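Order of listing sets the numbers, starting from 1, for every ligand and every atom in it. Position 1 is the first residue of the sequence, and the numbers go up from there. Since this is a predicted model, take the numbers as computed values, not measurements.
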Amino acid sequence: MRISVSSDMDEPVARALVAELRDRGHDVVTHGALHPGADPQWAVCSEAAARDVAEGTAEQAVVCCWTGTGASIAANKVPGVRAALCTDAYTADGARRWNDANVLALSLRLTSEPLLREILDAWFGGEVSEDAEDRQNVRHIDRLDQGRTGS
Ligand SMILES: O=C(CO)[C@H](O)[C@H](O)COP(=O)(O)O
C-alpha cells in the first residue's frame, strides 16, 4: 500500500513509523520534518499528506505532531479525508472498522515504539468490509455511511 507520512518534528518515533511501514512492505512517501527541504509546520505537512489520500496518490496517510490534535484537525479539513487520532490499538481498530478512517493521526508524545506497532497492527487489521454478509454484522453500518457522507 502507498502511505503518506507526515510529522512536524523529527522524533525517533516518527522515524520508527517510517521504518516500520517500510518493513511491512508499504511504499512510504514523506512530508514535513521527515522530508528534507519540506515545510515542517504541522498544519502544512498534515494537509499535504491528507491531500495525497484525497487525490489518490496514496491509499492512506499517517499524520503526526506532538499531541496529534493539530495533525488530525489539519487533515480533516481536506474533503474526503476521515482522520482519527488514535492513542491505543482498540481505538485504531474501531477507527477503521466503524469509521472507515483513511488517515491515522498519532501523538509523538504519547506513542512509544511498542504502542506504535500495536496501533499499526490494529489499523491494518481492522478493515471495513463491504460485502453483504459482513454488512449485516456491522452494527454501525448506517452510522458508517453517515460518517462518510455527512448526515
Ligand atoms: O502538537 C502540536 C500541534 O498540535 C505541535 O507538534 C506542537 O504544538 C509543537 O509545534 P510548534 O513547535 O510548531 O509550536
Side-chain angles (χ1 to χ4, degrees), residues 1-128 138 140 142-151:
M1 192 184 292
R2 193 169 172 87
I3 301 177
S4 280
V5 176
S6 68
S7 178
D8 68 332
M9 303 166 107
D10 186 5
E11 287 288 308
V13 71
R15 287 176 173 267
L17 167 64
V18 172
E20 184 68 29
L21 290 171
R22 288 187 172 139
D23 282 353
R24 293 175 186 229
H26 298 295
D27 181 13
V28 177
V29 177
T30 54
H31 293 279
L34 301 172
H35 191 96
D39 190 332
Q41 295 185 70
W42 56 264
V44 174
C45 64
S46 306
E47 181 181 329
R51 283 203 181 283
D52 287 347
V53 175
E55 292 165 5
T57 56
E59 287 173 67
Q60 294 189 7
V62 185
V63 295
C64 309
C65 66
W66 189 242
T67 57
T69 53
S72 61
I73 290 168
N76 273 319
K77 288 183 176 165
V78 178
V81 164
R82 295 173 298 280
L85 174 55
C86 298
T87 52
D88 62 88
Y90 184 89
T91 305
D93 176 70
R96 293 288 298 129
R97 196 176 295 278
W98 298 321
N99 309 134
D100 193 16
N102 52 11
V103 174
L104 168 64
L106 294 174
S107 163
L108 297 167
R109 173 176 171 267
L110 292 179
T111 312
S112 65
E113 292 189 25
L115 178 59
L116 170 68
R117 287 189 287 274
E118 290 177 16
I119 290 173
L120 294 178
D121 287 347
W123 182 266
F124 291 110
E127 291 294 318
V128 173
V138 177
H140 297 283
D142 292 339
R143 299 174 190 88
L144 180 70
D145 287 339
Q146 286 172 348
R148 284 183 180 130
T149 59
S151 57

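Residue contacts with ligand 1 for Trp66 involve both N, CA, C or O and side-chain atoms from C-beta outward (heavy atoms, distance under 4.0 Å).
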Verdict with supporting geometry, Glu47 and Val81, side chain to side chain contact (heavy atoms under 4.5 Å, CB included): CA-CA 10 Å; Glu47 181 181 329; Val81 164; over 6 Å; no

Verdict with supporting geometry, Leu17 and Leu120, side chain to side chain contact (heavy atoms under 4.5 Å, CB included): CA-CA 9 Å; Leu17 167 64; Leu120 294 178; 4.1 Å; yes

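Proximity of Leu21 to Phe124: side-chain heavy atoms (C-beta onward) are separated by under 4.5 Å at one or more points.
Against a heavy-atom cut-off of under 4.0 Å, Thr69 is close to the following atoms of ligand 1: 4 (O). Close approach of ligand 1 to Gly70 is summarised as follows: ligand atoms under 4.0 Å from at least one heavy atom of the residue are 4 (O).
The protein reaches atom 6 (O) of ligand 1 closely, with a heavy atom under 4.0 angstrom from it. Not a single protein heavy atom sits closer than 4.0 Å to atom 11 (P) of ligand 1.
Summary of contacts: the protein heavy atom closest to atom 8 (O) of ligand 1 is Trp42 NE1, 4.3 Å. Of all protein heavy atoms, the one closest to atom 9 (C) of ligand 1 is Asp8 OD2, 4.1 Å.
Open room surrounds CZ on Arg109; 12 or fewer heavy atoms of other groups in view lie less than 6.0 Å from it. No more than 12 heavy atoms of other residues, nucleotides or ligands sit less than 6.0 Å from atom CD of Gln41.
For the residue pair His31 and Ala48, the shortest heavy atom distance occurs at ND1-CB, 3.7 Å.
The residue from Ser7, Cys65, Ala74 that puts a heavy atom closest to atom 2 (C) of ligand 1 is Cys65.
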